[in-house]
Amino acid sequence: MIEIIQIPVLLDNYTYLIIDKESKVSGCIDPSVFGDVQKVLEERNIRLNFILNTHHHSDHVGGNIELKKKHDCKIIGNFFDQDRIPGIDIKLKENDTFKIGDSSFTIIETSGHTIGHICFYFKEQKILFSGDTVFSLGCGRIFEGTHEQMTNSILKIRSLPKETKIYCGHEYTESNANFAKHLNPNDSLLKKKISEIKRKRSESLPTIPCLLGEELKLNPFFRFDDKEYLESINLKNMSLVENFKRIRIMKDDF
Ligand code: ZN
Ligand code: FE
């Protein structure tokens, strides 16, 4: 069993602490900053064992070096991104597994947002830390990779069990919902979801984690081969990559 502590940092980032309950071994996914993360570690009396980085952007690695100095923890990142992950110690590749105490995770390579982006998948717990690859009702911008890479990355995530809980790097759900609604204003399931999102945000509650099964029905970036959906948003069905690319470009311009 792992316990997950969600820490809202910066404007809209999420850093996560994970603690393997039996062994008390701990990890921190994408420490954006030192201070806010250290504060929680101190309150909970946790000595940090590992940092896990999904990608090299500063809002995901900003706390690496100071936390490493303080806790003497090991930093885990993508082998192929080792030159850009500050303080990296443990270099993993696609399909590699690693254990936080008794809880093991697998690396899923998800280039697109950046080249060398990775997700951490805890198969037994059905938990995915998706960084900036997918968000609730959205996906990351294509900064370094190609639309084809991002399509393949999303296909990998889509193939996980529907019960998978997705812990992503940002609270972008409300603005993503506006885009999804703009595409498909009459979707009653989406309308229901939006009122739930609005309620949570009005109480300053996170909308994350989200559930893969629900995202498959509502997230425009998971639906690039759903013919009915494409028709409803006036997109001609072309190749998977073309379908994805046109939805991504519409969002970029939204
Ligand atoms: Zn990023
Ligand atoms: Fe980010």
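By convention here, the first residue in the shown sequence is residue 1. These numbers were taken from a predicted model, which means no experiment stands behind them. Both counts, for ligands and for their atoms, begin at 1 and track the order of listing.
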- Does Arg201 reach the main-chain N or O of Thr207 with its side chain, forming a donor-acceptor pair under 3.5 Å? no
Exercise for review: Would you confirm whether the ring centroid of Tyr121 sits within less than 6.0 angstrom of the ring centroid of Phe105?
Suggested key: no
Exercise for review: Measure from NZ or CZ of Arg158 to the centre of the six-membered ring of Phe224 and say whether it is under 6.0 Å with the direction within 45° of the ring axis.
Suggested key: yes
Distance under 6.0 Å and angle within 45° of the ring axis: does Lys93 meet both against Phe79? yes
N/O/S from Asp59 sitting under 2.8 Å away from the Zn ion (ligand 1):
no
For this session: Please confirm if an N, O or S atom belonging to His60, backbone or side chain, lies less than 2.8 Å from the Zn ion (ligand 1).
Result: no
The Zn ion (ligand 1) has as its nearest N, O or S atom from His57 the atom ND1
To the Zn ion (ligand 1), the closest N, O or S atom belonging to Asp132 is OD2
dist His60:NE2 -> His57:NE2 (nearest 0.5 Å) comes out at 7.5 Å
Report yes or no: does His60 have an N/O/S atom closer than 2.8 Å to the Fe ion (ligand 2)? yes
* Asked: Is there an N/O/S atom in Asp59 that lies less than 2.8 Å from the Fe ion (ligand 2)?
  -> yes
Rounded to 10°, the NE2/His113 to the Zn ion (ligand 1) to NE2/His55 angle comes out at 100°
The side-chain hydrogen bond (donor to acceptor under 3.5 Å, both in side chains) partner of His117 among Asp132, Asn78, Thr133, Asp81 is Thr133
Taking the Fe ion (ligand 2) as the apex, NE2 on His170 and OD2 on Asp132 give an angle, to 10°, of 110°
